[in-house]
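Structure first, commentary second.
Since the model is a prediction, treat every value here as computed from it, not as a measurement.
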Amino acid sequence: MALTEREIRTLNEQFKESPPAAIVQWAISFAKKPVVTTNFRPYEVAILEAVTQEFKEIPVIWCDTGYNTSHTYRHASELIARFNLNLKLYVPKQSSAYRDVIMGIPAVDDPKHSLFTEQVKLEPFQRAMEEHLPDVWFTNLRQGQTSHRDSLDIFSLGKEGLLKVSPFYYWSDSQLDDYLLHKELPNEHNYFDPTKVLENRECGLHT
């Protein structure tokens, strides 16, 4: 049964000062069909480590745009092996080589950019969610990333009552750096998202 907005507010008050592990533990105990999404961008290793510590077989959805850097692909390969991720890979229906000829990577003010975003990110993500039908979605959203994400919290409601859980929501980059150092976890900053271009621009999955 989907949580109410009032219950979500109560959870956010209850867990605001809690460590990510406690947040993940509660959400896993609540979930019937949880998933975690990743794009292997900087600090994604934190959410992957935290969630798989509690549920090793959780489906890990990766919607690969086809435009990642070589550094990101090597980082992804390292984490997939390190955590033995139950990876569920989703790719666009069109190859990047085909798209390079037809439209390239449109600028954000180009009318074709919305079609580009739909092809490389939104459609694969929608396909993944329709196949897995999760009730709990773990993600590494954090306060301060975009104006829309600033309106969310540790727990938020998505479409049709989907519970979105962001255990590191209130964490800064420096806190995450310390966390990764303590856990001896790798990070990778050479990352490119062709649908966002600017770091503080929302990609569309979370709106």
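Here the side chains of L163 and L3 are in contact, with some heavy-atom distance below 4.5 Å. A 4.5 Å side-chain heavy-atom check between H113 and I105 finds every atom pair outside the cut-off. Within the 4.5 Å cutoff, side-chain heavy atoms of L141 are placed close to those of L152. Looking only at side-chain heavy atoms (C-beta outward), T72 and N190 stay at 4.5 Å or farther from each other. You'll find the side chain of V165 stays beyond 4.5 Å of the side chain of F30, heavy atoms only. At a threshold of 4.5 Å between non-hydrogen side-chain atoms, the residues L157 and K164 do not count as touching. Looking only at side-chain heavy atoms (C-beta outward), I47 and E49 stay at 4.5 Å or farther from each other.
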> Could you walk me through whether I154 and L11 pass the side chain to side chain contact (heavy atoms under 4.5 Å, CB included) check?
Replying inline: CA-CA 9 Å; I154 295 170; L11 283 172; over 6 Å; no

> What do the steps show when you test Y67 against F116 for ring pair (Phe, Tyr, Trp, His ring centres under 6.0 Å), and what is the final call?
Replying inline: CA-CA 12 Å; Y67 294 92; F116 176 83; 5.6 Å; yes

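Residue pairs meeting the side chain to side chain donor-acceptor pair (under 3.5 Å) criterion with at least one member in residues 5-19, sequence neighbours excluded: T4-E7.
Of all the heavy atoms in D64 and P92, the pair that sits closest is O-CD, 3.2 Å. Heavy-atom minimum distance, K88 versus P59: CG-CB, 4.2 Å. The shortest heavy-atom contact between W137 and M129 is CD2-CE, 3.6 Å. D135 and P34 get closest at one heavy-atom pair: OD1-N, 3.7 Å. Of all the heavy atoms in P134 and L162, the pair that sits closest is O-CD1, 3.3 Å. For the pair L176 and A46, the tightest heavy-atom approach, listed with the atom from each and the gap, is CD2-CB, 3.9 Å.
Here E188 pairs with nothing under the salt bridge (Lys or Arg N to Asp or Glu O under 4.0 Å) rule; sequence neighbours left out. By the ring pair (Phe, Tyr, Trp, His ring centres under 6.0 Å) test, W62 is found to be paired with F40, residues two or more places apart in sequence or in another chain being considered. With sequence neighbours excluded, the residues that form a ring pair (Phe, Tyr, Trp, His ring centres under 6.0 Å) with F155 are F15, W26. Among residues two or more places apart in sequence or in another chain, the side chain to side chain donor-acceptor pair (under 3.5 Å) test is passed with R82 by none. Take E123 and apply the salt bridge (Lys or Arg N to Asp or Glu O under 4.0 Å) test, not counting sequence neighbours, and it matches K93, R127. Residues satisfying the ring pair (Phe, Tyr, Trp, His ring centres under 6.0 Å) criterion with Y170, sequence neighbours excluded, are absent altogether. Under the side chain to side chain donor-acceptor pair (under 3.5 Å) criterion, Y98 pairs with no residue, sequence neighbours left out. Remark: D100 engages no residue in a salt bridge (Lys or Arg N to Asp or Glu O under 4.0 Å) (not counting sequence neighbours). For A50, the side-chain contact (heavy atoms from CB on, under 4.5 Å) criterion is met by V24, F168, Y179, not counting sequence neighbours. The ring pair (Phe, Tyr, Trp, His ring centres under 6.0 Å) test applied to H189 returns Y43, not counting sequence neighbours.
The CG atom of N140 sits 9.5 Å away from atom CG of N39, with the distance rounded to the nearest 0.5 Å. To the nearest 0.5 Å, atoms CG (D193) and OG1 (T69) are separated by 11.5 Å.
A side-chain donor-acceptor contact under 3.5 Å links Q175 to the backbone of S172. Of the possible donor and acceptor atoms, none in the side chain of R99 sits under 3.5 Å from a partner among the backbone N and O of G104. Using a distance-only test at 3.5 Å, with no hydrogens or angles considered, no donor-acceptor pair links the side chain of T52 to the main chain of I58. Side chain of K121 to main chain of C63: no donor-acceptor pair is present (N/O by atom type, distance under 3.5 Å, no hydrogens or angles).
Between the side chains of S114 and T117, no donor-acceptor pair is found at a separation under 3.5 Å.
Y90 and L133 fall into different hydrophobic clusters, where Ile, Leu, Val, Met, Phe, Trp and Tyr side chains are chained together by heavy-atom contacts under 4.5 Å. Hydrophobic clustering (side-chain heavy atoms under 4.5 Å, transitive across Ile, Leu, Val, Met, Phe, Trp, Tyr) groups M103 together with F192.
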Donor-acceptor pairs are to be reported for all side-chain atoms of residues 74-81 against protein atoms at under 3.5 Å, with residues two or more places apart or in another chain.
from: R74; atom 1: NH2; to: S70; atom 2: OG; distance (Å): 3.4

